[in-house]
Protein chains: 2
Amino acid sequence: MAPETLLVIDDDADLRESIVEILTESGYRVLACATAEAALPLCHEVVPQLVLVDNMMPGMGGMALIPLLKKDFPATRIIMVTAFSTVDNAVAAMKSGADDYLAKPFRRGELLMAVKRALELRRFDRQHCDPEMDEALACLANQIRREILATLADRGEMRFMDITRSLGIADHTKVVFHLKNLKANNLITQNREKIYRLTPQGKKILDCLHLLAKKISS
Amino acid sequence: MAPETLLVIDDDADLRESIVEILTESGYRVLACATAEAALPLCHEVVPQLVLVDNMMPGMGGMALIPLLKKDFPATRIIMVTAFSTVDNAVAAMKSGADDYLAKPFRRGELLMAVKRALELRRFDRQHCDPEMDEALACLANQIRREILATLADRGEMRFMDITRSLGIADHTKVVFHLKNLKANNLITQNREKIYRLTPQGKKILDCLHLLAKKISS
DNA sequence: CCTTTCCGGGAAGAGAAGTTCACAGATGCG
DNA sequence: CGCATCTGTGAACTTCTCTTCCCGGAAAGG
């Protein structure tokens, strides 16, 4: 198995080299650069699985880089590293899409732990599964079913007629048809008392739909 | 339009009432309770669009409540409120799925701003379900078309017959049909000399498919 | 009790999606 | 030139999805 590629972005050469060394020793393939501006073209050459980015840098800061990275490389994990950590800064970084936040100075173990954890989450993301894929996508191809999912996500749990009316569909049996389809695909359940709600599966799929919608419109 | 329902969870009665008052004045419909344990059944009765939850509470803490809320009400936004804010705590909250993090004491304006922002993000997520989404998903629902995308992503650029043979499809006109479909949806192009390749759009969508696949299998 | 609303099954048909066939221009090759 | 391959088009046909209509039982409400 090929080693993961990591990218370290930090304008402080000493610290950068030190991080690179720690990660290289641990068996990762490590790239590095000194500015956010240099990072983007580098990523387009060799797509990293994980980026460690400093917050305070001359030119574009690490914070501004995060959305750009997320846009071009959605599967890449991002850990923000910072010398002057504040609660507001940490919250802002996580909101932007960072997966973790590391305050300098950190110990070797902290760094490795954060890196390992982020990469594991990513691997978890990467697995494939074709047979159900077909059914799930066929299920999602229908707009009414997507609306049902969205409505259920919105309201948490609903009865049959609530759903029907909420969608503004006159013929309730049409809704039955799609509900059955969604149930068969395990995206919704009807646990007790006929109440419909999303399955965890359904929630995940819906998340994905939002992501897809953003990509399409961008 | 119905006012949004907010839920305030805080064991400090004074602060809770004060928050409720501020939010009620601003036109929201506000529920409140004193413990995380009481919050869940309350949510099942009236699903809130936004929850403000205190971190330190007797019994289950706010941090533990977040994943539970996320699970049952994926579309509900969560703002964590805390008296003893630390970077680590903020990062942990955001990792758990909080959408924002507010340190006590906060001013009225800060609170309202955070609430307004979270609700706006939520509305933004909620839309986006309609425009080209339908076509894109209809396009992806077909397995052959997904295979074509994957093959093209793999090989970069291919001629018509290469694709056909690579898929092991005897009838080449069937492939033509799907290629036309993909072209119409702007996922592939035929730039020069009849050579097919992915569009940037197509690449993004394929990324998304991987993401979806992983969500399904998990 | 009767009536209404809720929740759903199942069949028939409209309509969309996918497949196959028949054919044809372009290109290259001996 | 004669033949084969590449790259399609268009129409007919099949298959599947979706909608619509008719029906019925269960619960609620008066």
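Order of the sequence lines fixes the chain letters, A, B, ..., with proteins taken first and strands second; residue numbering starts at 1 for each chain.
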Problem set entry | Spacing of A:Asp134 atom CG relative to C:dA17 atom P, expressed in whole Å | 16 Å
Exercise. With a 3.5 Å cut-off and just heavy-atom distances, do the side chain of B:Thr173 and the base of C:dC21 make a donor-acceptor pair?
Worked result: yes
For this session: Decide whether B:Tyr28 and B:Glu4 meet the rule of one side-chain donor and one side-chain acceptor closer than 3.5 Å.
Result: no
For this session: Respond yes when some side-chain nitrogen or oxygen of A:Asn142 is under 4.0 Å from OP1 or OP2 of D:dC18, and no when none is.
Result: yes
Seminar exercise, completed: Atom CD of A:Glu147 and atom P of D:dC18 are separated, to the nearest Å, by 14 Å
Exercise. Listed in order of residue number, which residues of residues 159-172 of chain B have a non-hydrogen atom at under 4.0 Å from DNA chain D?
Worked result: B:Arg159, B:Phe160, B:Met161, B:Arg165, B:His172
Problem set entry | Side-chain N or O of A:Lys194 closer than 4.0 Å to phosphate OP1/OP2 of C:dC7 | no
Problem set entry | Atom-to-atom span, CG of B:Asn181 to P of D:dG8 - whole angstrom | 15 Å
Exercise. Taking CG from B:Leu137 and P from C:dA17, how many angstroms apart are they, rounded to a whole number?
Worked result: 13 Å
For this session: Looking at every strand, decide which applies to A:Ile144 at a 4.0 Å heavy-atom threshold: base, sugar-phosphate, or nothing.
Result: sugar-phosphate
For this session: Taking atom types as modelled, find out whether A:Thr189 and A:Asn191 have a side-chain donor-acceptor pair closer than 3.5 angstrom.
Result: no
Exercise. How many Å lie between CG on B:Leu179 and C1' on D:dT9, as a whole number?
Worked result: 14 Å
Exercise. Hey, are B:Arg16 and B:Asp11 close enough for a salt bridge, meaning a charged N less than 4.0 Å from a carboxylate O?
Worked result: no
Exercise. What is the distance from CG of B:Asn185 to C1' of C:dA17, rounded to the nearest Å?
Worked result: 13 Å
Problem set entry | Below 4.0 Å: OP1/OP2 of C:dC6 and any side-chain N or O of A:Tyr196 | no
For this session: For the pair B:Arg117 and B:Glu120, find out whether any cationic side-chain nitrogen is under 4.0 Å from an anionic carboxylate oxygen.
Result: no
For this session: May I ask you to say what B:Gln190 touches in the nucleic acid, namely base, sugar-phosphate or nothing, with a heavy-atom cut-off under 4.0 Å?
Result: sugar-phosphate
For this session: Check whether any side-chain N or O of A:His178 sits under 4.0 Å from OP1 or OP2 of D:dT19, and answer yes or no.
Result: yes
Exercise. Should the pair B:Arg108-B:Glu25 be classified as a salt bridge under the 4.0 Å nitrogen-to-oxygen rule?
Worked result: yes
Exercise. Would you call A:Lys174 and A:Asp171 a salt bridge, taking side-chain N to carboxylate O under 4.0 Å as the test?
Worked result: no
Problem set entry | d(CZ, B:Phe177; P, C:dC21) in whole Å | 16 Å
Exercise. Would B:Asp54 and B:Lys104 pass as an ion pair if we require N to O under 4.0 Å?
Worked result: yes
Seminar exercise, completed: To the nearest angstrom, the CG-P distance between B:Asn191 and D:dT7 comes to 14 Å
Exercise. Between B:Lys174 and C:dT20, is there a side-chain N or O to OP1/OP2 distance below 4.0 Å?
Worked result: yes
